[in-house]
Amino acid sequence: MTASRSVPGSQEFLRDCWYLASPSVALAPGRLVGTTILGEPVLLGRRRDGVAFALRDICPHRGIPLSEGCMADDEVECAYHGWRFSTDGTCTAIPSLVEGQDMELQRIRVRSYRVREASGLLWIYMPRPGTRGDGSTATTPPDLPPEAGNPRLATQTVMPCHVDHAVIGLMDPAHGPFVHRSWWWRSRRSIHAKERRFGPSEYGFTMLPHRPSRNSAAYRLLGGRPVTQISFRLPGVRIEHVRVGSHALVGLTAVTPVTEHSCALHHVMYWTMPWLTVLKPALRPFARSFLEQDRRIVEKQQRGLRHRPGMLLIDDADVQARWYYRLKKAHQRMVDEQVPFENPVTESILRWRS
């Protein structure tokens, strides 16, 4: 049994990565939404033909957020002086110009970001500063199981911490009976030894298929004999795929950095069980309660982290946290040296009590 005291790795955000920006349903045609991702102001929008786009949310004229404006003829119109920009960021009109005041409008640009949309989710590519990034050494948006069509349930909260601490929380196997103690999930009396097999997977690792723990009461709603597989991949995405006979449930949790001290935690669920659809009004408050429990414990943790302590990571409960920091280093090497990604995770059996 070993324990190691370590200081978290680089506080720099992972770049050349795809981050979850928003559920698709939150971005109606003609709507502009301003947000912050990795400390950058980002404008999300959708044209009338349904195509989504993302621009830097700052007008180059006088600095007002473009999200304060509107869509006009499928272009972004600034609220301050009516400057217009196409959805690729090119300036197309400056209303104040008069005859003879010629300007090369196409030379005025707002930074654009690549976006992809799949399974009812909008992903945004965040390259290194000063580059557009061609994606040749980038992670890709995760491929969800085929059962993931449109989200059945989507919730979100803001975690008041650096992204690393929120991501580690996704893979922490020992906090459940303490942080999520409740009649419908777990209690301290239910703690028992567990053993799981893990293996490397694309940009991360996977807890290989297994029966859910007997102290995970919520799985009983699925009926039958569920089998679950849980995968983690950079930059901070956890996907649980549960199969019950011919039916399936897919849960995606993604952490998107907002600032150095906050991040958005998205939780999205897909399922094929008709009885879960009937229970959806009751499931939403449970999902929100679960995220709120995580948010509150992280908020308390920040009071200690302000003193910048090392972290005492132990075997085997904290091995996944160690893997995360090693994966970050491997990704950084891939980006800096333009070499293939080398996954540092090896097949392992981990044991802990929870």
Side-chain angles (χ1 to χ4, degrees), residues 13-58 65-71 74-76 85-89 110-127 132-135 138-159 163 166-167 170 202-203 231 233-239 250-259 262-270 287 291:
F13 298 131
L14 284 182
R15 295 282 182 162
D16 283 12
C17 288
W18 291 86
Y19 287 91
L20 179 56
S22 170
S24 297
V25 70
L27 196 61
R31 188 182 181 200
L32 299 178
V33 176
T35 187
T36 302
I37 300 177
L38 277 64
E40 298 182 15
V42 174
L43 166 72
L44 301 175
R46 192 184 298 280
R47 300 188 321 219
R48 287 173 295 188
D49 61 4
V51 175
F53 64 92
L55 302 175
R56 177 173 166 81
D57 194 19
I58 298 291
L66 289 171
S67 56
E68 295 295 334
C70 63
M71 288 290 285
D74 269 353
E75 295 182 331
V76 178
F85 301 88
S86 64
T87 56
D88 69 358
V110 175
R111 181 178 186 173
S112 63
Y113 299 86
R114 292 193 292 149
V115 297
R116 290 186 186 174
E117 203 160 7
S119 299
L121 301 175
L122 183 66
W123 300 85
I124 183 170
Y125 179 70
M126 301 299 292
R132 289 185 57 82
D134 61 5
T139 61
T140 56
D143 291 324
L144 296 182
E147 297 88 353
N150 289 318
R152 301 281 190 161
L153 183 66
T155 55
Q156 175 185 337
T157 191
V158 175
M159 304 289 279
V163 61
V167 170
L170 291 183
E202 189 177 41
Y203 299 112
S231 299
R233 57 172 290 149
L234 294 176
V237 180
R238 177 187 186 273
I239 300 173
V250 178
L252 177 144
T253 308
V255 185
T256 300
V258 178
T259 68
S262 65
C263 51
L265 182 64
H266 300 269
H267 183 63
V268 185
M269 296 179 68
Y270 309 80
L291 295 186

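- For residues 19-28, every residue pair satisfying the side chain to side chain donor-acceptor pair (under 3.5 Å) rule, not counting sequence neighbours, is listed here: S24-E117.
- Residues satisfying the salt bridge (charged side-chain N to carboxylate O under 4.0 Å, His left out) criterion with R233, sequence neighbours excluded, are E202.
- Nearest approach of A52 to V115, heavy atoms of both residues: O-CG2, 3.4 Å.
- Expressed to the nearest 0.5 Å, how far CG of L252 lies from NE2 of H266 amounts to 10.0 Å.
- Legend: residues meeting salt bridge (charged side-chain N to carboxylate O under 4.0 Å, His left out) with D49, ordered by chain and number and at least two apart, are R47.
- By the 4.5 Å heavy-atom criterion applied to side chains, Y125 and D16 are counted as neighbours.
- When all heavy atoms of A54 and I124 are compared, the closest pair comes out as CB-CD1, 3.9 Å.
- With sequence neighbours excluded, the residues that form a side chain to side chain contact (heavy atoms under 4.5 Å, CB included) with P41 are R56, D57, I58.
- With rounding to the nearest 0.5 angstrom, the OH atom of Y270 is 8.0 Å from the CG atom of N150.
- Checking each of P257, S262, C263 against M159 for a side-chain contact (heavy atoms from CB on, under 4.5 Å) leaves exactly one that passes, namely C263.
- In this structure, CG on L66 lies 6.0 Å from CZ on F85, to the nearest 0.5 angstrom.
- Distance check: L122 CG to L20 CG gives 8.0 Å after rounding to the nearest 0.5 Å.
- The heavy-atom pair separating A148 from L144 by the smallest distance is CB-CB, 3.7 Å.
- Contact annotation: the side chain of P235 never approaches that of F13 to less than 4.5 Å [non-hydrogen atoms, C-beta and beyond].
- Sorted by first and then second residue, the salt bridge (charged side-chain N to carboxylate O under 4.0 Å, His left out) pairs with a member in residues 17-37 form an empty list; sequence neighbours excluded.
- Checked against side-chain hydrogen bond (donor to acceptor under 3.5 Å, both in side chains), S86 has the following partners two or more places apart in sequence or in another chain: D88.
- Legend: residues meeting side-chain hydrogen bond (donor to acceptor under 3.5 Å, both in side chains) with T256, ordered by chain and number and at least two apart, are absent.
- Closest of all the heavy-atom pairs between V255 and A166 is CG1-CB, 3.9 Å.
- The two residues T140 and W18 come nearest to each other via the heavy atoms CA-CD1, 3.7 Å.
- Partners of T157 under the side-chain hydrogen bond (donor to acceptor under 3.5 Å, both in side chains) rule, at least two apart in sequence or in another chain, do not exist in this structure.
- Going from atom CD1 of I239 over to atom CG of L170 covers 11.5 Å, rounded to the nearest 0.5 Å.
- For the atom pair CG (L291) and CD (Q156), the distance works out to 9.5 Å, reported to the nearest 0.5 Å.
- Judged purely by atom type and a 3.5 angstrom limit, T155 has no side-chain atom pairing as donor or acceptor with the backbone of A287.
- With sequence neighbours left out, the side-chain hydrogen bond (donor to acceptor under 3.5 Å, both in side chains) criterion links D74 to R48.
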Would you be so kind as to tabulate the donor-acceptor pairs closer than 3.5 Å made by side chains of residues 33-40, with sequence neighbours excluded?
unit_1, atom_1, unit_2, atom_2, d
E40, OE1, Y113, OH, 2.5
E40, OE2, R15, NH1, 2.8
E40, OE2, R15, NH2, 3.2

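- Across L121 and P151, no two heavy atoms sit closer than the pair CD2-CG, 4.5 Å.
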